[in-house]
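Quick one: structure below, then a few questions.
In what follows, chains are A, B, ... by sequence order, proteins preceding strands, each numbered from 1.
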There are 2 protein chains.
Amino acid sequence: MNTTEHLARNERLSERLTTSGFRFTPQREHVYALLLQKRDHPTAEEVFIRAKRVMPDISMATVYNCLDALVKCGLARQVTLERGAARFCPNMQEHCHFYCDNCESVFDIGLPAGAGVPLPKGFRAERFDVTIHGRCPACSNGKK
Amino acid sequence: MNTTEHLARNERLSERLTTSGFRFTPQREHVYALLLQKRDHPTAEEVFIRAKRVMPDISMATVYNCLDALVKCGLARQVTLERGAARFCPNMQEHCHFYCDNCESVFDIGLPAGAGVPLPKGFRAERFDVTIHGRCPACSNGKK
DNA sequence: TCAATATTTGGAATAATTCTAAGCGTTAGC
DNA sequence: GCTAACGCTTAGAATTATTCCAAATATTGA
């Protein structure tokens with residue numbers, strides 16, 4: 001990544017954090033950069049492992065704290081696809097997740113325009129989470 | 001519940017279990033009846049508590065086993081709405097879940113006909129999970 | 001009825017997340 | 001710039017959710 005992008009990213013991060021009442025910290029910067037770098041919907045544990053390669057003293061509690069701050073300030077989504085660890089996704093465009101029940105990988109899938117669910121009176125929707133379970137192309141070919 | 005309904009339910013349960021290679025047991029019957037009785041999307045823990053009122057010796061491991069069997073034989077859905085315990089839903093009609101971020105209750109919401117997501121080539125969908133986060137009617141009225 | 005095999009049970013083990021207390025770093029007011 | 005207030009990080013303990021295990025029991029098919 002070049003310096004311009006880097007600066008732009010940090011400016012966005014800093015602004016979002018601040019307007020949500022959070023502080024900009026090296027740990028949050030690092031965790032956010034990691035999320036953007038490899039968009040494979042890692043769990044907190046996986047983020048922790050990646051983070052330690054560059055920042056060996058970072059703790060698990062901090063990783064949770066950073067991820068939660070990113071979610072709360074609108075720069076990442078938390079995805080709970082199945083029993084077990086939550087995953088994190090920095091793609092904030094409207095999209096849904098395809099979870100391969102065979103290989104357990106997660107794919108971002110675009111949503112058709114106008115997708116939405118009419119709600120009964122009184123409900124106020126804040127966000128939609130759409131998950132599709134099935135087989136990804138690699139696992140579709142007759143494999144168990 | 002009257003005897004006719006009761007028998008019909010058990011017949012359906014027994015058949016579904018058997019065709020999926022499971023056995024029909026009193027514990028599974030009881031857990032299924034509980035799910036149908038109070039459709040408030042309980043966690044395994046909550047099912048355990050309710051189950052013990054009638055069947056005091058049932059164990060947590062059995063509750064998990066029964067719930068998993070019900071999910072696998074197509075009589076219940078497992079719902080993972082957020083970090084934390086999975087919930088269970090015996091409504092197998094096409095519907096989605098509304099989760100109130102304030103009071104944490106879950107509502108079944110009908111889906112519009114033809115709702116679906118076009119998938120890239122090679123993906124094979126098995127099921128859709130749609131969750132909407134927001135405020136339910138009771139929590140919408142200006143409350144924090 | 002018997003044998004084979006699935007299920008149940010309680011408890012231990014593991015996984016995922018949250019909490020806690022102490023120390024540190026930033027920021028705002030002076 | 002100094003200081004108080006407060007948010008953040010850390011390690012580790014605690015809690016929550018789920019899975020695993022081995023022994024006893026129940027169910028099914030022959």
Side-chain angles (χ1 to χ4, degrees), chain A residues 10 13-34 41-52 54-73 75-76 78-88 104 106, chain B residues 10-11 13-32 34 41-52 54-73 75-76 78-88 104 106:
Chain A
N10 277 349
L13 172 58
S14 176
E15 199 225 298
R16 290 295 195 102
L17 285 171
T18 313
T19 54
S20 295
F22 295 107
R23 289 190 183 159
F24 178 85
T25 69
Q27 287 85 348
R28 287 176 181 162
E29 176 189 353
H30 184 43
V31 165
Y32 186 46
L34 286 178
H41 305 83
T43 62
E45 179 79 28
E46 286 161 347
V47 172
F48 178 53
I49 291 166
R50 291 175 198 174
K52 279 212 288 199
V54 168
M55 206 176 250
D57 288 341
I58 198 171
S59 77
M60 195 67 205
T62 299
V63 169
Y64 274 104
N65 176 311
C66 293
L67 289 169
D68 288 345
L70 291 172
V71 169
K72 287 199 183 115
C73 77
L75 289 173
Q78 183 183 73
V79 189
T80 49
L81 299 163
E82 9 107 57
R83 228 133 78 176
R87 291 157 177 270
F88 296 85
E104 302 181 357
V106 180
Chain B
N10 277 349
E11 189 151 335
L13 172 59
S14 176
E15 198 224 297
R16 291 295 195 102
L17 284 170
T18 313
T19 55
S20 296
F22 294 106
R23 288 185 183 164
F24 178 85
T25 69
Q27 288 84 349
R28 286 175 181 160
E29 177 189 353
H30 183 45
V31 165
Y32 186 45
L34 287 178
H41 305 82
T43 61
E45 180 78 28
E46 286 161 347
V47 172
F48 179 53
I49 291 165
R50 290 175 198 175
K52 279 211 288 198
V54 169
M55 207 177 249
D57 288 342
I58 197 170
S59 78
M60 195 67 207
T62 298
V63 169
Y64 274 105
N65 177 312
C66 293
L67 290 170
D68 287 346
L70 291 172
V71 169
K72 288 201 182 110
C73 77
L75 289 174
Q78 184 183 72
V79 189
T80 50
L81 298 164
E82 10 105 58
R83 229 133 79 175
R87 291 156 176 271
F88 295 86
E104 302 181 357
V106 180

| request: To the nearest Å, give me how far apart CD (A:E29) and P (C:dT26) are. | output: 13 Å
| note | Taken to the nearest whole Å, CG/A:L67 to P/C:dT18 is 11 Å
| task | Give a yes/no answer on whether the side chain of A:T25 brings an N or O atom under 4.0 Å of OP1 or OP2 in D:dT9. | result | yes
| field | Length of the CZ-C1' vector between B:F24 and C:dT8, whole Å | value | 16 Å
| query | B:R23: what forms a salt bridge (Lys or Arg N to Asp or Glu O under 4.0 Å) with it, not counting sequence neighbours? | reply | none
| For the side chain of B:S20 and the backbone of B:L17, is there at least one donor-acceptor N/O pair under 3.5 Å apart? | no
| message | Expressed as a whole number of angstroms, how long is the span from B:H30:NE2 to C:dT7:C1'? | response | 17 Å
| Nearest-Å distance for atom pair CZ/C1', residues A:F22 and C:dT27 | 17 Å
| remark: CG (A:L13) and OG1 (A:T18) are apart, to the nearest 0.5 Å, by 8.5 Å
| task | Check whether any side-chain heavy atom of B:D68 lies under 4.5 Å from a side-chain heavy atom of A:R83, and answer yes or no. | result | yes
| remark: Per-nt protein contacts along nucleotides 10-20 of chain D (heavy atom under 4.0 Å; B base, S backbone sugar-phosphate only, - none) come out as BB-----SBBB
| Does any non-hydrogen side-chain atom of A:M60 lie less than 4.5 Å from one of A:K52? | no
| query | When you measure from the side chain of B:S14 to the backbone N and O of B:F24, does any donor-acceptor pair fall under 3.5 Å? | reply | no
| task | Can you tell me the distance, in whole Å, between the CZ atom of B:F48 and the P atom of C:dG11? | result | 11 Å
| said: Tell me whether the side-chain N or O atoms of B:R23 pair up with the base of D:dT27 as donor and acceptor below 3.5 Å, since no angle test is needed here. | reply: yes
| said: Between C1' on C:dG10 and NZ on B:K52, what's the gap in Å once rounded to a whole number? | reply: 11 Å
